[in-house]
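Single-structure report; data block below.
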Amino acid sequence: MKKSDVVKEILAGRRGSANPVGQAEAPANIALCKYWGKRNEELNLPITSSLSLTLDHVGARTEISQCSSGDQIFLSGERLDSDHPFANRLSRYLDLFRQGDEGYCVKTESSVPVAAGLASSASGFAATVKALDALYGWKLGSRELSILARLGSGSACRSLYSGFVEWHVGEREDGMDSYAEPLELQWPEIRLGWILVSTAHKPVGSREAMRRTRESSPLYQSWPAQVARDLAEIKAALSLRDFTRLGETVEANALAMHATMMAAQPAILYWLPDTVAVLHQVADARRQGVSVYATMDAGPNVKILYQARDQDRVVERFPQISFLCG
Ligand code: PMV
C-alpha cells in the first residue's frame with residue numbers, strides 16, 4: 001500500500017474547491033517513551049506504541065496557498081531552493097494532496113531549529129496537514145489528521161493534541177489503526193526544559209538511523225519488550241503522579257534507545273562531549289536532592305524533566321536551560 005492510497009481513502013468524497021489560503025499552528029512534542037523503528041517505512045508505521053508530552057508554546061505555524069508556477073517554500077521568511085532537503089521533503093509530501101498540476105506556496109515559521117533533534121518535523125508536518133485541511137475545507141477529524149500527519153513524519157501524529165499523548169502502534173497493514181490520542185489526565189506541574197548542545201544538522205536523519213538500528217543492532221531485539229514495560233510504567237506513574245517512577249523510566253527509555261543505535265553498524269552516535277557533560281550534571285543534581293531526569297531524541301541536545309516546585313533549583317544548576325513546557 002502506498003501513501004497516496006491512504007490519502008485517497010481518507011479524502012474520499014471530501015475533495016472540494018480550495019480557499020485562497022489555509023493557515024494553522026501545531027505544537028512540538030517530546031516523547032517520554034520513544035518511537036524507534038518502523039515496521040512499514042512507506043507509511044511510517046511503528047514497531048511499538050509511544051507516548052509524548054506536547055510543548056504547548058513551541059512549534060510551527062504554516063500558511064498554504066495554491067500557486068501556478070511550482071512550489072515555493074519559505075522557512076522563517078527565507079525562500080528555499082527546491083533541492084533544499086526541507087523543501088524537497090515537503091514538496092514530496094504535498095504531492096499527495098495535489099488535485100492537478102498546481103503548486104503550493106508554503107510559508108512556515110518554526111520556533112525550534114530544524115533537523116537538530118528538537119521535534120521540528122513533528123510540529124511542521126502537523127501544521128502542514130492542518131493548513132491543508134483549512135485550505136481545502138475538508139473538516140477532517142483529529143484521528144484522520146493524525147494519520148495524515150504520520151505519513152509526513154511518524155512523531156507528527158502526536159502533535160495534534162495537547163498534554164500527554166499516546167500513539168497506538170496498530171496492527172493493520174494500511175495503518176488506519178495507527179494514530180495518536182490524548183490521555184485523559186493532566187499534570188500541570190510537570191516541566192520540560194531544553195539544554196542546547198548544538199543546532200547543527202544531524203549527521204544521520206532519523207529515518208536512516210532507525211533503519212540501520214533495526215537491521216544491524218543486536219540490542220534492537222530487546223527494544224520492543226522494553227517499550228512495552230516502559231509504556232506501562234510511565235502510564236502508571238502518570239496516573240499515580242509518582243514523579244520518581246516517571247523520571248527514572250523516561251531517562252532509562254531514552255538511554256536504551258541511544259544504546260540500540262550505538263550498537264548499530266556503522267554506529268550512530270548523536271552524542272557530543274557536552275551531551276555527556278549535561279547527563280552527568282543531571283545525575284549530580286539528583287545525588288544532591290534535585291529531582292531532575294534527562295531525555296534525548298535523535299540529536300545531541302538534552303531535555304530535562306522536573307516539577308514546577310524545583311524550578312529555581314533547576315535554573316541555578318542549569319543556567320543555560322530554555323523552557324519548553326510550563
Ligand atoms: O518522527 P521522526 O521520524 O522524526 O522520529 C522521531 C524519533 C524520536 O524523536 C527519536 C523519538 C520520538 O518518539 O519522537
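Remember, it's 1-based here, ligands and their atoms both numbered in the order they're listed. For the single chain, residues carry numbers from 1 onward in sequence order. All values below come from the heavy atoms of this structure, side chains included, with hydrogens, waters and symmetry mates left out.
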Please write down residue, atom name and distance for the protein heavy atom closest to [atom].
{"atom": "atom 11 (C) of ligand 1", "value": "Y35 O, 3.4 Å"}
{"atom": "atom 9 (O) of ligand 1", "value": "D297 OD1, 3.2 Å"}
{"atom": "atom 12 (C) of ligand 1", "value": "R158 NH2, 3.3 Å"}
{"atom": "atom 3 (O) of ligand 1", "value": "S206 OG, 3.1 Å"}

Quick check on contacts: which atoms of ligand 1 are under 4.0 angstrom from a heavy atom of [X]?
{"X": "S121", "result": "4 (O)"}
{"X": "A31", "result": "12 (C), 13 (O), 14 (O)"}
{"X": "A298", "result": "10 (C)"}
{"X": "G154", "result": "1 (O)"}

For ligand 1, the portion of H258 having any non-hydrogen atom under 4.0 Å away: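 Looking at H258 and ligand 1, no heavy atom falls under 4.0 Å.
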Would you mind telling me if ligand 1 is within reach of the side chain of M210, the backbone, both or neither, using heavy atoms under 4.0 Å?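 Contact part for M210 vs ligand 1: side chain (C-beta onward).
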Is any NZ, NE, NH1 or NH2 atom of the basic residue among [X] and [Y] found under 4.0 Å from an Asp or Glu carboxylate oxygen of the other?
{"X": "E208", "Y": "R212", "value": "yes"}
{"X": "E109", "Y": "R61", "value": "no"}
{"X": "D71", "Y": "R98", "value": "yes"}
{"X": "E189", "Y": "R241", "value": "yes"}
{"X": "D230", "Y": "K34", "value": "no"}

Quick check: does S50 get an N/O under 3.5 Å from an N/O on ligand 1? no
Between Y306 and Q311, does a side chain to side chain donor-acceptor pair (under 3.5 Å) hold up when you go through it step by step? CA-CA 8 Å; Y306 60 99; Q311 178 86 8; 3.0 Å; yes
Determine whether M1 and E173 make a side-chain contact, defined as any pair of heavy atoms from C-beta on separated by less than 4.5 Å.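 They are not in side-chain contact.
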According to the interplanar angle, ranging from 0 to 90°, do the rings of W187 and F243 count as parallel (below 30°), tilted (30 to 60°) or perpendicular (above 60°)?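 Answer is perpendicular, since the angle exceeds 60°.
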Applying a strict 4.0 Å limit to heavy atoms, is W36 in contact with ligand 1?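 Yes.
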Taking everything shown except R309 itself, do over 12 heavy atoms lie less than 6.0 Å from its CZ?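 Count not over threshold, so no.
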If you take the nearest heavy atom of each of S52, A122, G152, S155, which one is closest to atom 6 (C) of ligand 1? S155
